[in-house]
Undergrad: 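Below: one structure in structure tokens.
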Amino acid sequence: MPYMTLDDLAEILRRRRALIISIIGFGLCVTAMLSLFVAPVYRAEETLAIAPPRVMAELALADRVVPLAADLPRLRDRLLAHDVLDQIATAYELEDVPDLSGAVDMRWDTAAPGAGGIVIRVDLPDPLQAQLVAQELSHRLIGLSAEERIVGAERTLAYLTGEHRALRTAISGLNVPPARQGDPALRDDLARMRTDLAELTQRIDMAGDLHDLEQRRQLERFEVVEPAQLPDTPIRDSRPLLALAGGVIGAIVAVAVALLAEWRHPALRTAARLQRLTGHAPLAVVPRAAGSDRDAPRVPVWITRIGQAFRRRWPFLI
């Protein structure tokens, strides 16, 4: 096809406007149908904080109890395990979500109220499901931490009780020969063992108090400070972008098809273009009869009908 100016391009687009509008409309219809399968994403957040102990610090047995903040990574791994997430997905009918672990996040956030806290974020297409799953994970985190701390207190109590029993057995079974009854070293060893037994007795009492306090949740614990709200605005919605992309791609394809149709049926349609290509002005120009399009290449009937429908509906675009 001979080279063309912007005026020639504008003329081609004007004559092929029905074809162009039909292709753009078809592209928009396709993207509109595709957008039905693209859902927006809503985010629900629930924030928990670590509440301080309600009792004296010396009852916390600092050498036996792991602080909740230090234990958070392990609790997170247990809470976000695949079997736990599968249970939640089944309970809340999330079979359409292929990977719930990718939609859930739990981390320590220093920007949370107070001195920081644990923020649980859930991103799902359904706002209500996002809120419910965030609340469920928060509830499970509180229950899991309380259960593990009670089990830890029970293990500590059992360990100290066993040590106490073994030491008491060792003291009661100690047979001192008559020749060594006045031995200062033996007397010192026996006094040390009795001192250790008294300390173990004291630690057992404290471990029992600890176990009781853990059961009554008087020590460190997770508390909800910002419950998850029902989100009303999506954080991600690709439908407008999809519609825009459909319109742009449709316009590009439509112009390309119009130029291809023009290339298949080339013609000199204006006196200015004839003079530019030959260097000679035409002797005469026969005006085109109004409504005459016999020289235009034929287009499929369905495209013609769509173009006519566009003319009737939006005449200002033609």
Side-chain angles (χ1 to χ4, degrees), residues 47-81 83-84 87 106-110 112-118 120 137-225:
T47 303
L48 300 91
I50 297 179
R54 299 176 182 174
V55 296
M56 296 176 61
E58 56 267 19
L59 290 178
L61 284 179
D63 60 331
R64 296 289 179 180
V65 178
V66 178
L68 274 179
D71 203 29
L72 180 61
R74 190 180 60 83
L75 291 173
R76 179 185 183 278
D77 292 340
R78 286 198 57 186
L79 187 64
L80 301 184
D83 55 341
V84 177
Q87 295 175 4
M106 185 176 70
R107 63 183 62 186
W108 181 266
D109 190 355
T110 56
I118 299 92
I120 298 175
L137 288 171
S138 172
H139 175 74
R140 286 180 178 244
L141 176 61
I142 294 174
L144 179 62
S145 64
E147 176 186 352
E148 289 203 349
R149 291 175 72 86
I150 292 174
V151 171
E154 291 175 348
R155 289 176 178 174
T156 299
L157 182 60
Y159 169 79
L160 294 176
T161 303
E163 290 291 312
H164 184 275
R165 184 182 302 109
L167 184 57
R168 187 176 57 187
T169 302
I171 294 174
S172 61
L174 186 61
N175 295 318
V176 181
R180 296 193 57 193
Q181 288 184 356
D183 189 350
L186 183 61
R187 189 169 52 251
D188 292 342
D189 289 342
L190 185 59
R192 179 181 53 79
M193 294 174 67
R194 288 173 177 169
T195 301
D196 292 343
L197 185 64
E199 291 179 355
L200 279 174
T201 303
Q202 184 179 6
R203 293 187 64 187
I204 288 174
D205 293 338
M206 294 180 64
D209 294 338
L210 172 65
H211 181 262
D212 181 61
L213 292 171
E214 289 287 10
Q215 287 186 322
R216 293 190 287 119
R217 302 196 61 204
Q218 298 294 308
L219 300 179
E220 269 192 334
R221 64 209 176 277
F222 287 121
E223 287 186 348
V224 176
V225 293

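All values below were derived from every heavy atom in this structure, side-chain atoms included, with hydrogens, water molecules and symmetry-related copies excluded. Residue numbers start at 1 and run along the sequence shown.
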Undergrad: Taking all non-hydrogen atoms of both residues, which atom of Val225 and which atom of Ala49 are closest, and how far apart?
TA: CG1-CB, 3.7 Å

Undergrad: Determine whether Leu160 and Leu200 satisfy the following criterion, side chain to side chain contact (heavy atoms under 4.5 Å, CB included), listing intermediate values before the conclusion.
TA: CA-CA 7 Å; Leu160 294 176; Leu200 279 174; 4.1 Å; yes

Undergrad: Between CD of Glu147 and CD1 of Ile150, what distance do you get to the nearest 0.5 Å?
TA: 8.0 Å

Undergrad: Drop me the distance from His139's NE2 to Ile142's CD1, to the nearest 0.5 angstrom.
TA: 8.0 Å

Undergrad: Do the side chains of Phe222 and Leu72 get nearer than 4.5 Å, heavy atoms only?
TA: yes

Undergrad: Heavy-atom distance under 4.5 Å between the side chains of Leu137 and Met106, does that happen here?
TA: no

Undergrad: Using side-chain heavy atoms (C-beta onward) and a distance below 4.5 Å, is Leu141 in contact with Leu75?
TA: yes

Undergrad: Check Arg203 with Glu163, please: is the shortest side-chain N to carboxylate O separation under 4.0 Å?
TA: no

Undergrad: Kindly give the heavy-atom pair with the smallest separation between Ala207 and Thr156, and that separation in Å.
TA: CB-CG2, 4.4 Å

Undergrad: Just wondering, are more than 12 heavy atoms of other shown residues or ligands nearer than 6.0 Å to CD in Gln87?
TA: yes

Undergrad: Using the rule side-chain contact (heavy atoms from CB on, under 4.5 Å), only one of Thr201, Leu167, Ile171 pairs with Asp196; which is it?
TA: Leu167

Undergrad: Would you compute the distance between atom CG of Asp188 and atom OG1 of Thr195 and round it to the nearest 0.5 angstrom?
TA: 10.5 Å

Undergrad: Please report the closest heavy-atom contact between His164 and Ile204, naming both atoms and the distance.
TA: CB-CD1, 3.4 Å

Undergrad: Got a sec: does the CZ of Arg74 have more than 12 other heavy atoms crowding it under 6.0 Å?
TA: yes

